[in-house]
> 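Shown below is the structure under consideration.
Computed from heavy atoms alone, side chains included, the values below leave out hydrogens, waters and symmetry copies.
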Amino acid sequence: MPSSEPPTRHERAGLLKERIYLTFAALAVVLTLGAHGHVDPIEAIRTLAVTVFGTLLAMFTADIISHLVVHERSMTGTEFRHASVTTFGALGAVVLPFVFLAASAWGLWDTETALRAASFALVAALIAIGFLAIRRVRLSWWKRALVLGVEAMLALIVIGLQVLAHG
């Protein structure tokens, strides 16, 4: 895909899907770290980084394998670049938790506050991603609100399940 062309609907869906996957994975980790209490901020950053990069590599591998299965050939250079940008571009969705944990490592916040702020930021990111996903779709305002509400509810269910698992 040349950079001068706007992404297709299919390409936009891929970008959004990767961001949603990564954001949910980061949310689960942040909630788990918060449930343990008294976590060292550097250890929290390391754990989150390993999870984020492991998830990105898993998504990238899935893209390569699924392309091979669907098209019965390896990716072209352009397809490989697109898969790379789509997958690793999802990092932008999880920047704030790293910023908050870094602030904690520098002594500006305690780790529990940073993890709580990261949880809120990730839920907000999921809602923002959902909004971006449906903004060009021809839906009435109440259907858009319903979609965003369901997504927010799913994020809260993830939080509830994490609390239940570690409570």
Side-chain angles (χ1 to χ4, degrees), residues 7 11-68 75 79-135 145-167:
E11 291 166 340
R12 284 193 320 263
L15 290 166
L16 293 167
K17 179 181 70 169
E18 303 293 1
R19 283 174 172 81
I20 290 169
Y21 288 158
L22 191 61
T23 304
F24 267 116
L27 180 59
V29 169
V30 165
L31 291 170
T32 301
L33 288 168
H36 290 298
H38 305 298
V39 178
D40 175 66
I42 299 300
E43 185 61 33
I45 291 169
R46 185 178 309 125
T47 301
L48 184 58
V50 166
T51 301
V52 163
F53 288 111
T55 302
L56 287 171
L57 290 175
M59 292 184 318
F60 188 64
T61 302
D63 284 347
I64 291 171
I65 299 299
S66 63
H67 183 278
L68 184 63
M75 292 180 170
E79 291 167 334
F80 186 83
R81 279 188 301 282
H82 171 69
S84 299
V85 168
T86 298
T87 300
F88 295 99
L91 271 172
V94 297
V95 168
L96 281 179
F98 287 104
V99 170
F100 296 154
L101 288 168
S104 176
W106 293 323
L108 301 174
W109 283 358
D110 62 81
T111 309
E112 288 76 23
T113 301
L115 290 169
R116 194 171 17 265
S119 297
F120 286 119
L122 290 167
V123 171
L126 284 168
I127 294 168
I129 292 165
F131 173 76
L132 292 173
I134 64 169
R135 71 182 174 169
L146 180 65
V147 168
L148 291 175
V150 167
E151 186 181 24
M153 182 181 67
L154 290 172
L156 292 174
I157 289 171
V158 168
I159 291 170
L161 288 172
Q162 289 294 326
V163 169
L164 183 65
H166 297 282

> Would you give the length of the straight line joining atom CG of Leu161 to atom CG of Leu156, rounded to the nearest 0.5 angstrom?
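Nearest 0.5 Å value for the CG-CG distance: 11.0 Å.
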
> Any idea which heavy atoms bring Ala118 and Phe100 closest together, and the distance?
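Distance-wise, the nearest heavy atoms are N-CD1, 3.5 Å.
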
> Carefully, step by step, assess Leu91 and Phe53 under the rule side-chain contact (heavy atoms from CB on, under 4.5 Å).
CA-CA 9 Å; Leu91 271 172; Phe53 288 111; 4.1 Å; yes

> Please say whether more than 12 non-hydrogen atoms of neighbouring residues, nucleotides or ligands are located less than 6.0 Å from OH in Tyr21.
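Count not over threshold, so no.
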
> Could you report the tightest heavy-atom contact between Ala102 and Ile45, atom names first, then the distance?
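Closest approach of Ala102 to Ile45: N-CD1, 3.9 Å.
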
> Just wondering, do Val29 and Phe24 contact through their side chains at under 4.5 Å, heavy atoms?
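Side chain of Phe24 against side chain of Val29, heavy atoms only: no contact under 4.5 Å found.
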
> How long is the straight-line distance from CG of Leu15 back to OG1 of Thr87, given to the nearest 0.5 Å?
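Atom-to-atom, Thr87:OG1 and Leu15:CG are 9.0 Å apart.
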
> Quick check for you: to the nearest 0.5 Å, what is the distance between Ser104 atom OG and Ile42 atom CD1?
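The OG atom of Ser104 sits 8.5 Å away from the CD1 atom of Ile42.
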
> First locate atom CD1 of Ile129, then atom CD of Glu18, and finally report the distance between them rounded to the nearest 0.5 Å.
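Between atom CD1 of Ile129 and atom CD of Glu18 there are 11.0 Å.
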
> Could you tell me how the ring of Phe60 sits relative to the ring of Phe80: parallel (under 30°), tilted (30 to 60°) or perpendicular (over 60°)?
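Phe60 vs Phe80 ring planes: perpendicular.
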
> Under 3.5 Å, is there a donor-acceptor pair between the side chain of Arg19 and the main chain of Gly92?
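No; judged by distance alone, with no hydrogens or angles, the pair does not exist.
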
> So which heavy atom on Leu16 is nearest to which on Ala133, and how close?
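Smallest interatomic distance, heavy atoms only, reads CD1-CA, 3.3 Å.
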
> Is there a donor in the side chain of Thr86 and an acceptor in the side chain of Asp63, or the other way round, less than 3.5 Å apart?
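No donor-acceptor contact under 3.5 Å links the two side chains.
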
> Just how far is it from atom CG of Asp40 to atom OG1 of Thr47, taken to the nearest 0.5 Å?
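Going from the CG atom of Asp40 to the OG1 atom of Thr47 covers 9.5 Å.
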
> Which heavy atom of Met75 sits nearest a heavy atom of Ile64, and at what distance?
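That closest heavy-atom pairing would be CE-CA, 3.8 Å.
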
> Where is the tightest heavy-atom contact between Leu101 and Pro41, given as atom of each residue plus distance?
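Here Leu101 and Pro41 meet closest at O-CB, 3.9 Å.
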
> Restricting to salt bridge (Lys or Arg N to Asp or Glu O under 4.0 Å), what partner residues turn up for Glu43, sequence neighbours left out?
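Per chain and number, Glu43 pairs via salt bridge (Lys or Arg N to Asp or Glu O under 4.0 Å) with Arg46.
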
> Report yes or no: does Glu112 contribute a side-chain atom to a donor-acceptor pair with the main-chain N or O of Gly34 at less than 3.5 Å?
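A pair under 3.5 Å: no.
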
> Looking only at atom types and distance, does a side-chain atom of Thr23 sit under 3.5 Å from a main-chain N or O of Leu126, one as donor and one as acceptor?
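No; judged by distance alone, with no hydrogens or angles, the pair does not exist.
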
> Would you compute the distance between atom CD1 of Ile20 and atom NZ of Lys17 and round it to the nearest 0.5 angstrom?
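Reported to 0.5 Å precision, the distance equals 10.0 Å.
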
> Quick one: does Arg135's side chain get under 4.5 Å of Leu132's, heavy atoms only?
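Arg135 vs Leu132: side chains touch.
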
> What is the minimum heavy-atom distance between Leu122 and Ala93, and which atoms define it?
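So the two residues come closest at CD2-O, 4.1 Å.
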
